[in-house]
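The block underneath contains the structure these notes are about, expressed in structure tokens.
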Amino acid sequence: MTKTKLKDNKYDPREIESYWQKIWEEQKIYSPNLDASTPPCTRRCGASLRTKKPFDPSASLRAQGKPFYNLMMFPYPSAEGMHVGNMYAFTGADVYGRFKRMLGFDVLEPIGLDGFGIHSENYAIKIGRHPKEQAKISEANFYRQLRATGNGFDWSRKLETYDSKYYKWTQWMFIQLFKAGLAYRKRAMVNFCPSCKTVLADEQVIDGRCERCATLVIREQREQWFFRITHYAEKLLGNIEKLNWSQKVKTAQRAWIGKSEGALITFKIKNSHRTIDVFTTRPDTLFGATFLVVSPEHPLVADLFGQGKDVMNYLSKAVVKSEQERIAQGKGKEGVPTWYSAINPVNNQEIPIWIADYVLMGYGTGAIMGVPAHDQRDFEFAKKYKLAIKTVILGIRRKPETPESLRAFHAKGDSGQDGHQTVARQARMTAGGEIEEAYIGEGVIINSGEWNGRKVPEDIGKVIDWLEQKSIGRREVTYHLRDWLISRQRYWGPPIPLIYCNICAKKGESWFTTDESLKIERKSWKSDHASPFDFLSSTMRGWFPVQEKDLPVLLPDVKEWKPTGTGKSPLATVESFINTFCPNCKSPAKRETDVSDNFLDSAWYFFRYLSTDIDSTAFDIKRAKNWLPVKMYIGGAEHSVLHLLYARFITMVLKDIGFIEFEEPFSRFYAHGLLVKEGAKMSKSKGNVVVPDEYIRKFGADTLRLYLMFLGPFNQGGDFYDTALEGMYRFIKRVWRLILDSCHPELVSGSPSPVPSPLEGEGQGEGAEIPKSIRQAQDPEFTEGQVRNDTQRRRMMHKTIKKVTEDIEHLRYNTAIAAMMEWYNYLKLELRGKKLEVTGEEVETFLKLLAPFAPHVTEELYHNVILRRQPKDLDSSSRLVGTQNDKKWSIHLQPWPTFDPKFLEEDEVTIVVQVNGKVRATLEVKSEKLKVKSYVEELARKSGKVKEYLEGKEIEKVVYVEGKVINFVTG
RNA sequence: GGGCGAGUGGUGGAAUGGUAGACACGCGGGUCUCAAAAACCCGUGAGCUUUAAACUCGUGUGGGUUCGACUCCCACCUUGCCCACCA
């Protein structure tokens, strides 16, 4: 087959690609042996084990058989199939993986499908097909597409989250969290999507709308299962700085965890024995507190404040208000006074207590002290309801230091009083002397008794100390992060593996009262929870996890799988599912009927990839030790918060309960950019979603891969234009032709002769059939000038190796490809009209550099030109590719080319000659003369038009930057 | 409202203090062909000029630092993404 192709000189991607994909998968060249890899070097990472080479500048990148877990975010298999955005992400990840493999790492690059959960179920509802059936269809389609992209996936390790072999262990994870006391049930205000008919985690509510269907969510009191992720808030936050992630993602995670430090202050309520705790980051303004506000959901509202017609009226309105309405209302804050007042503990002043929905129950204590003079929201509220405003901070602004900022400062209308070191500044006033906005800047405390004169923010710590001494308040830290609402009233997910026993509940028993529980040391609990056992055994009455031997709890195959809207999962009506026996007392009991959130499926899948061949455990501990954490994780920035945070949380839990020794799952995370179509975001509603299939059919996966990687910087995304693809197709065809046309005919047609490898010491030396330089075809006509030519050509090659190597390492794929094009253009020009040919060394190097981007065509050419084997010899029956031990036949298992800096040195360097910073000439200077300024200056004065420009001018200064530029500065 | 990016030819982009526009797309012209496609060759920031050479201008706007600024600093404009009544 290939002979014909070569004769015709025709590049036919379709034939080549499917052929090699089949061979790769058959020969398992991308399937590392997970149990046999060299464990990571503990002494010096990346050191070359081949010490024979005198100097190898890229040695630090090399490794011999070291595990490299190259992970990409597994896709949600939408029924429309994989779109080109998925392919963009996967190709970028695959290029990196292939590069690492050629550098000698044992690369694991697994793929799977995240097909469990609401997104898949909603689609099933839409088209009216059972999700299980739809999953099968999507799966086949997706895997077909994924194969066609030519990624180096380990197909022996794929997984699907909806496969019971997988979700068995998702359920096992749930049980581990339960047993660690990190899963609990509580009645709480939750987000409910009336369209999806399920509750949602806070993270899944965007602008008050459902993340999946954009329906306005309703706030409701419901009893639900939660994971205690807040328990890890401090660790999740603290570890961030150690991660090799982009600053952007780290910032997003920090913001989401949202740590605030401040104080908890206790107010007494007049005419009541009750007290109110408020959290504030500004305890220094306590003297300025003129009212207290509690959230409508605050427990004291039901217990104490909920009296009076006005209050009842307000509450009935506020509680049903959706999140969206509250936000839309913006600054028009509404509230209602209660009949109660509180006592400000620092000055015993009586201040009114209000109820308002601008205070959120979910943050802090659900109650705040209103300091209108120094908080904008409190200010607006005070204005609206004519509440007292008391200034306690005198603003200070330090005099601006630079002339520019001073000018800007004055231009803004700040009435700076020149000559003073500081400018007194308070809240901005209207002409009538009324305050226009709260002052929240730095300053000095006033009107606050013994605190007067203290500086803010410097002395806030001292203020808190004072409060602690007087037992008025204490230091407190609070987080924006809330516990993870994990239960969903849906069908298409892993049933939560818990059983409720009414009989045990009545006896006050739960799993936490069993012997097994008592034996477990709960490392995950902080010491300040003095008795987690008591706490859990009281809140978890009647609840028991399914015994591990009984896993999985299979999702029953039912006809009525659509969401019910009754607040219960469709499983709640399946008698055969619900009824079971209590693991504790063996009497009849009932199963939990909710399923777990889809984000749990994806929070641990990278553990499962390592052990898809093992049924007896979630993941093999030894393999996890060798292969994890993930060395490189590539995915979309939209998962900066949710998925990455959940995966980190689960990993920390697994560490605390003793399964692993690390607590961060992803050493490096790299967020790729977004691919758009002709300037617009691809979306189903716009109908501009690009599916790779047709492009692969027309141009081949190699062309599409190269094109996608060439669009722009990988972390910035790109714009997909049909026409531009042709250019990349052209490039591959040109390379194909250059290599085949300029190669010695004998080489292409066969009859190999054993000769030493042109890339000496590159590991494939002994016995390998590598041809010597083709140009040694001894043609006397071009020996003339050959030496100079050789040097130049070698320099170009080494320059390209350097550039491509460094660019791929930094994921600058677009410039790596450009460098290869430049080299191609150079060779083309070099060979044109002369009898020259590309050397074997050049061909081999070029193919290797291109291999991560265009795996199929490079493999094909490598076999025909370098190995001189016909692909048909590679059928599994052939002796050439006999055993799995002999995998050297593939270009993708060859060592990455190295460059030698000694070939990079130029013997002549171009110096730019400037007069007053303007380029007037360029100059070729011999390298060895570069250091001599006087010599260069001499030449420069005479070069080009420089003489004219310097005529009659006095030279004030000559700036010479060695090897780059010389600039004459005249008067 | 807050945070983080980005602004360069007709287009995607390159250059992170030293010849702006690499590389590619598109476009124009040519070769081959009966013709078309493909392929190949030449040109392609703007202005001035018949052409060439030369010169001038040119990286969102205004200012600054520097012998020299797309690059560093200040202010502003535009735009994208993320978060948002977080006390």
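Each chain gets a letter, A, B and so on, in the order the sequences are listed, and its residues count up from 1.
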**Fill in**
Checking A/I472, A/V278, A/I265, A/L264 against A/P283 for side-chain contact (heavy atoms from CB on, under 4.5 Å), the one that qualifies is A/I265
**Asked** Between B/G5 and A/K248, is there an OP1 or OP2 to side-chain N/O distance shorter than 4.0 Å?
**Response** no
**Request:** Please check the phosphate of B/A87 (OP1 and OP2 only) for any side-chain N or O of A/S260 closer than 4.0 Å.
**Result:** yes
**Asked** Separation of A/F731 atom CZ from B/A22 atom C1', in whole Å?
**Response** 14 Å
**Message:** Give me the distance, rounded to whole Å, that separates B/C41 from B/G21 when you measure between the P atoms they each carry.
**Reply:** 22 Å
**Request:** Indicate whether any N or O donor in one side chain lies under 3.5 Å from an N or O acceptor in the other, for A/Y695 and A/D722.
**Result:** yes
**Prompt:** Nearest-Å distance, CD (A/Q716) to P (B/C82)?
**Reply:** 16 Å
**Prompt:** Of the nucleotides B/U19, B/C23, B/C67, which has the atom closest to the A/V912 side chain?
**Reply:** B/U19
**Base paired to B/U61 (Watson-Crick or G-U; both N/O distances under 3.5 angstrom)** = B/A75
**Asked** Using the C1' atom in both, what is the distance from B/C55 to B/U49, to the nearest Å?
**Response** 11 Å
**Message:** Starting the side chain at C-beta, find the nucleotide from B/C25, B/A24, B/C55 nearest to A/R730.
**Reply:** B/C25
**Asked** Taking the same atom, P, in B/G60 and in B/A53, what whole-Å distance lies between them?
**Response** 29 Å
**Request:** Using the C1' atom as the reference point in each nucleotide, state the distance between B/U31 and B/G47 in Å, no decimals.
**Result:** 33 Å
**Message:** Let's see if you can work this out: which of B/U56, B/A39, B/C41 has an atom nearest to the side-chain heavy atoms of A/K828?
**Reply:** B/C41
**Fill in**
Against the side chain of A/D375, the closest entry in B/U19, B/A87, B/C67 is B/A87
**Residues A/E937, A/R941: salt bridge by 4.0 Å N-O rule** = yes
**Asked** Taking OP1 and OP2 of B/G18, is either one under 4.0 Å from a side-chain nitrogen or oxygen of A/N967?
**Response** no
**Request:** From the options B/A87, B/C67, B/G3, select the nucleotide whose nearest atom is closest to the side chain of A/T251.
**Result:** B/G3
**Item:** Rounded distance in Å between the C1' positions of B/A6 and B/U59
**Value:** 13 Å
**Message:** When you measure only distances, ignoring hydrogens and angles, does the side chain of A/Q914 come within 3.5 Å of the base of B/G18 through a donor and an acceptor?
**Reply:** yes
**Message:** Distance check needed: B/C81 P versus A/L674 CG, whole Å only.
**Reply:** 9 Å
**Under-4.0 Å side-chain N/O to phosphate OP1/OP2 contact, A/R254 with B/C83** = no
**Complete:** Side-chain atoms of A/V359 come closest, of B/A24, B/A87, B/C57, to B/A87
**B/G80: pairing nucleotide in any strand, Watson-Crick or G-U under 3.5 angstrom** = B/C4
**Prompt:** Could you state the CH2-P distance from A/W256 to B/C4, rounded to the nearest angstrom?
**Reply:** 19 Å
**Message:** Students often get this wrong, so: under 4.0 angstrom with heavy atoms, is A/N814 touching a base, only sugar-phosphate, or nothing?
**Reply:** sugar-phosphate
**Any donor-acceptor N or O pair under 3.5 Å, side chains A/D483, A/T230** = yes
**Request:** Provide, to the nearest angstrom, the distance between the CE atom belonging to A/M728 and the P atom belonging to B/C23.
**Result:** 13 Å
**Complete:** Checking B/A14, B/A84, B/A87 against the side chain of A/T815 (C-beta onward), the nearest is B/A14
**Message:** Over all strands shown, is A/G258 touching base, sugar-phosphate only, or nothing at heavy-atom distances under 4.0 angstrom?
**Reply:** nothing
**Message:** Need to verify one output field. Residue with the more 5' nearest nucleotide on RNA chain B, A/R734 or A/A724?
**Reply:** A/A724
**Under 4.0 angstrom between A/Y363 side-chain N/O and B/A87 OP1 or OP2** = yes
**Asked** Of A/W736, A/Y707, A/F699, which is the lone residue that meets ring pair (Phe, Tyr, Trp, His ring centres under 6.0 Å) with A/Y729?
**Response** A/F699
**Request:** Please confirm whether A/Y363 and A/Y479 have ring centers closer than 6.0 angstrom.
**Result:** no
**Message:** Could you walk me through whether A/F381 and A/Y358 satisfy the ring pair (Phe, Tyr, Trp, His ring centres under 6.0 Å) test, starting with their C-alpha distance in whole Å, then the side-chain angles of each, then the deciding distance to 0.1 Å, before giving a yes or no?
**Reply:** CA-CA 9 Å; A/F381 192 71; A/Y358 83 91; 5.2 Å; yes
**Asked** Taking atom C1' of B/A14 as reference, at what distance in whole Å does atom CE of A/M820 sit?
**Response** 16 Å
**Prompt:** OP1 or OP2 of B/A39 less than 4.0 angstrom from a side-chain nitrogen or oxygen of A/R737, does that happen here?
**Reply:** no
**Prompt:** Do the ring planes of A/W354 and A/Y385 sit parallel (below 30°), tilted (30 to 60°) or perpendicular (above 60°)?
**Reply:** tilted
**Message:** Just to be sure I understand the rule, does A/T478 reach a base, reach only the sugar-phosphate, or reach nothing, if contact means heavy atoms closer than 4.0 Å?
**Reply:** nothing
**Prompt:** What form does the base of B/G9 take, syn (within 90° of 0) or anti?
**Reply:** syn
**Message:** Just the rounded figure in Å: distance from P of B/C25 to CG of A/L706.
**Reply:** 13 Å
**Nearest-angstrom distance, C1' atom, B/A37 to B/C32** = 12 Å
**Message:** So A/V919, base contact, sugar-phosphate only, or nothing? Heavy-atom distance under 4.0 Å.
**Reply:** sugar-phosphate
**Prompt:** If you measure from the C1' atom in B/A22 to the same atom in B/C74, how many Å do you get, rounded?
**Reply:** 32 Å
**Message:** It should be established whether A/R812 places a side-chain nitrogen or oxygen under 4.0 Å from OP1 or OP2 of nucleotide B/A15.
**Reply:** no
**Prompt:** Can A/E822 and A/T800 be said to form a side chain to side chain donor-acceptor pair (under 3.5 Å), step by step?
**Reply:** CA-CA 9 Å; A/E822 276 181 76; A/T800 309; over 6 Å; no
**Item:** Any strand: nucleotide that pairs with B/A35 via Watson-Crick or wobble, under 3.5 Å
**Value:** none
**Request:** Provide the distance between the two P atoms, one in B/C42 and one in B/A24, to the nearest whole Å.
**Result:** 12 Å
**Asked** Considering only B/A15, B/U19, B/A24, which nucleotide approaches the side chain of A/T910 most closely?
**Response** B/U19
**Complete:** By nearest-nucleotide position on RNA chain B, the 5'-leaning member of A/F710 and A/K957 is A/F710
**Item:** Separation of atom CD1 in A/I732 from atom C1' in B/A24, rounded to whole Å
**Value:** 14 Å
**Prompt:** Which is true for A/A818 with a 4.0 Å heavy-atom rule: it touches a base, it touches only sugar-phosphate, or it touches nothing?
**Reply:** base
